[in-house]
Protein chains: 2
Amino acid sequence: MQRLLGNLRIQIPEQLYVKDPDSSDLGKKIVEHSILLIEELGFESFTFKKLGIAIGSPESTVYRYFENKHKLLLYLTSWYWGWLEYKVAFATANIKSCEQQLENSIRAICETVEEDQDFSHINEEKLQKIVISESSKAFLTKEIDSENKNGYFQSYKNLVERLEGIISGLNPQYPFPKTLASTLLESNHLQKFFGAHIPGITDIAHSDEDVIAFFKSMTFSTLNYGS
Amino acid sequence: MQRLLGNLRIQIPEQLYVKDPDSSDLGKKIVEHSILLIEELGFESFTFKKLGIAIGSPESTVYRYFENKHKLLLYLTSWYWGWLEYKVAFATANIKSCEQQLENSIRAICETVEEDQDFSHINEEKLQKIVISESSKAFLTKEIDSENKNGYFQSYKNLVERLEGIISGLNPQYPFPKTLASTLLESNHLQKFFGAHIPGITDIAHSDEDVIAFFKSMTFSTLNYGS
DNA sequence: CAAATATAATAGTATTACTATCATAACTGC
DNA sequence: GCAGTTATGATAGTAATACTATTATATTTG
C-alpha cells in the first residue's frame with residue numbers, strides 16, 4: 001500500500017489514557033517501547049516495570065499516562081483499528097464498483113504489514129503482530145459491559161460500520177453485514193495465528209494470498225456474488 | 001440434544017495434568033469447582049488459592065493435580081472439544097446426506113447448552129460459557145509453539161479433522177476445509193460474545209437461530225450449496 | 001501391620017500491580 | 001527574569017499472585 005499522510009492523526013477515545021501520550025515526547029516513547037516490548041515478551045509477561053527500564057524512567061511515570069496495562073493494550077488496538085479504517089477508506093476511495101470496493105477492503109484487512117510506515121513512533125509491523133496475538137484479550141474480560149458502555153471500543157465499531165456499509169452496498173438484502181465484517185476481522189487474525197503456530201487446524205500457509213483467497217471466496221459467495 | 005451416554009469418558013492429553021483429576025474424588029472436585037469459579041470470576045481473577053478455599057483444601061493440593069492455571073484451562077477446553085466432537089459424531093451418525101450432516105454439525109456447534117448434562121461433576125452449561133470467553137487465551141500465548149509440539153491441542157485438532165471430513169464430503173474440491181472448520185468454531189464463540197457484550201459489531205441477537213442462520217448461509221454458499 | 005501414597009497445615013519467596021511521597025527540573029505567564 | 005505550575009525522577013511501600021518447600025497426619029495397598 002502507498003505511504004500514508006505524514007500529518008495524519010489517529011483519534012483514540014480519551015477514556016483510554018490518563019494523559020495523552022501523543023502530547024509529549026515521553027508519552028510517545030512509552031507507546032513506542034510498549035509495542036516493542038509486548039511484541040517481544042507477549043502481553044502476559046509485559047509489565048510497566050520492564051517498560052520503565054526500557055525507557056529509562058521509573059514505573060510510576062508510565063502510570064501517569066496509562067492507568068494499567070489493560071488500558072494500554074486498548075489504546076494500542078484502538079490505534080490499529082483507526083489506522084486500518086483509514087487504510088480501508090483509502091483503498092476504496094474513488095472506486096465505483098461495490099465489488100471492487102469489497103475486494104480492496106479484504107486485501108487491506110488481510111495484508112501483512114511488511115515494513116514500518118509513517119506514523120513516526122509507531123511500528124505498524126510489530127503492532128499488527130500484537131493485534132493478531134493479543135487484541136482479543138482486550139475485550140474477553142469480565143469488565144466488558146462497563147467498558148463497552150464507556151466507549152472503549154469505539155474505534156472497532158467505526159471500522160465495522162465502514163465495512164458494513166461496503167457489504168450492504170453490494171447486497172442491501174444481506175441480513176448480517178456487521179457479523180460478516182467482524183467475522184472477517186477476527187478470523188483473519190485467528191487464521192494467520194493458526195497458520196503460523198497450529199498448522200494442523202488450518203489450510204492457510206504463510207502467504208497472505210491464501211487468507212485473501214479464503215475470505216474473498218467466503219465473502220462473495222455468502223453475498224451471492226460468486227467470485 | 002439427547003442425553004449422552006453415562007459411562008462415556010472424554011480423553012484428555014495426559015501432558016495437561018500432573019495427576020489425572022478423574023482418578024480421585026478430590027480431583028473431580030477440583031475440576032468441578034474450577035468451572036464454577038472461572039465462570040464466576042473470569043480467568044484473570046481466578047486463582048488456585050481461591051479454588052483451594054472453594055474446595056476446602058490448601059492451595060498446594062491443587063498443584064498436585066495441575067501445574068498451573070493455564071494447564072487447567074487447557075484441560076477444561078480440551079474436555080469441551082472432546083465433548084463437542086462426541087456431539088458432532090452423534091448428530092451425524094447414520095445420516096446419509098452430506099448436506100444434512102453438515103447442517104447437523106453446525107447446529108451442534110452453535111447450540112447453547114441449556115442445562116447440565118450427564119458428565120457428573122462437569123457443568124457443561126458453565127463450561128461452554130468459559131470456552132466462549134476464555135478458550136482463546138489458552139493458545140494466544142508466547143509458549144504456543146512448544147505447547148503445540150507437545151500435543152496440548154490434540155482435542156481441538158481431532159474436532160477440526162472431523163469437521164473437515166464432513167465439509168470435504170460435501171465438496172471434495174473445496175481448498176480450505178480446515179480453515180472453514182476452525183473459522184466456524186472460533187467465530188461462533190466470538191459472535192455469541194459480541195451479541196451479548198458488544199452488540200454494535202454484530203447483527204446477532206441472543207437466540208441461537210441467528211448464529212445458526214449466519215453460519216449455515218456462510219458455509220453452504222462458500223461450498224456452492226446455496227442454502 | 002508396614003510401607004507407600006495422598007492430603008492437610010503451614011511457611012516462605014520473588015514478582016506483580018499498583019500507590020504514595022518528596023525532590024527537582026522544565027516550561028508558562030506576567 | 002522570577003513565581004507558580006506542571007512534568008518527571010527517585011525511592012519506598014503494600015497487598016496479592018504464583019508458586020515451592022517442609023512436615024505432619026490420614027488413608028490405602030500389598
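In what follows, every chain begins at residue 1, and chains take the letters A, B, ... in the order their sequences are listed. Predicted model only: the values in this text are computed from it and were never measured.
Dashed line: the shortest gap from a side-chain N or O of A:Tyr65 to OP1 or OP2 of D:dT8 is under 4.0 Å. Between A:Thr61 and D:dG9 there is a side-chain N or O to OP1 or OP2 distance below 4.0 Å. For C:dT7, one of the phosphate oxygens OP1 or OP2 lies less than 4.0 angstrom from a side-chain nitrogen or oxygen of B:Lys19. Contact annotation: A:Lys69 reaches the phosphate of C:dA17 (side-chain N/O to OP1 or OP2, under 4.0 Å).
The line from NZ of B:Lys29 to OG of B:Ser34 is 13.0 Å long, rounded to the nearest 0.5 Å.
Side-chain contact check for A:Ser187 and B:Thr183: no donor-acceptor pair (N or O, by modelled atom type) lies under 3.5 Å. With hydrogens and angles left out, the side-chain atoms of B:Asn148 and B:Lys157 include a donor and acceptor closer than 3.5 Å.
When rounded to the nearest whole Å, the span between NZ of A:Lys29 and C1' of D:dG9 equals 12 Å. Atom CG of B:Leu73 is separated from atom P of D:dA18 by 13 Å (rounded to the nearest Å). Distance B:Tyr63 OH to C:dA6 P: 20 Å, rounded to the nearest Å. The interatomic distance linking A:Glu44 (CD) with C:dA17 (C1') rounds to 15 Å, in whole Å. Between the C1' atom of D:dA21 and the CZ atom of B:Arg64 lies a distance of 11 Å, rounded to the nearest Å. When rounded to the nearest whole Å, the span between NE2 of A:His70 and P of C:dC18 equals 11 Å. For the pair B:Lys71 NZ and D:dC19 P, the computed distance is 11 Å after rounding to whole Å. In this entry the distance linking CG of B:Leu51 with C1' of D:dA18 reads 14 Å, nearest Å.
Closest to the A:Asn68 side chain, of the nucleotides C:dC18, D:dT11, D:dC19, is C:dC18. Residue A:Ser24 places its side chain closer to D:dT8 than to any other of D:dT8, D:dA10, D:dT17.
When each of B:Leu163, B:Val160, B:Leu185, B:Ile167 is tested with B:Leu180 by the rule side chain to side chain contact (heavy atoms under 4.5 Å, CB included), just one qualifies, namely B:Ile167.
Comparing A:Ser60 and A:Thr47, the nucleotide of DNA chain C nearest to each residue sits closer to the 5' end for A:Thr47.
The existence of a salt bridge linking B:Lys126 and B:Glu40 is excluded, since no basic side-chain nitrogen approaches an acidic carboxylate oxygen closer than 4.0 Å. Ion pairing between a basic and an acidic side chain is recognised when a charged N comes within 4.0 Å of a carboxylate O; B:Lys28 and B:Asp22 show no such pairing.
Comparing the start and finish of the helix from C:dC1-D:dG30 to C:dC30-D:dG1, five pairs each, the helix axis swings through 20°, to the nearest 10 degrees.
Contacts of A:Ser57 with the nucleic acid, taken as non-hydrogen atoms under 4.0 Å apart, involve only primed sugar atoms and P, OP1 or OP2. Within the 4.0 angstrom heavy-atom criterion, no nucleotide atom of any strand lies near A:Phe48.
Ring planes of B:Phe48 and B:Tyr63: perpendicular class, angle over 60° (limits at 30 and 60°).
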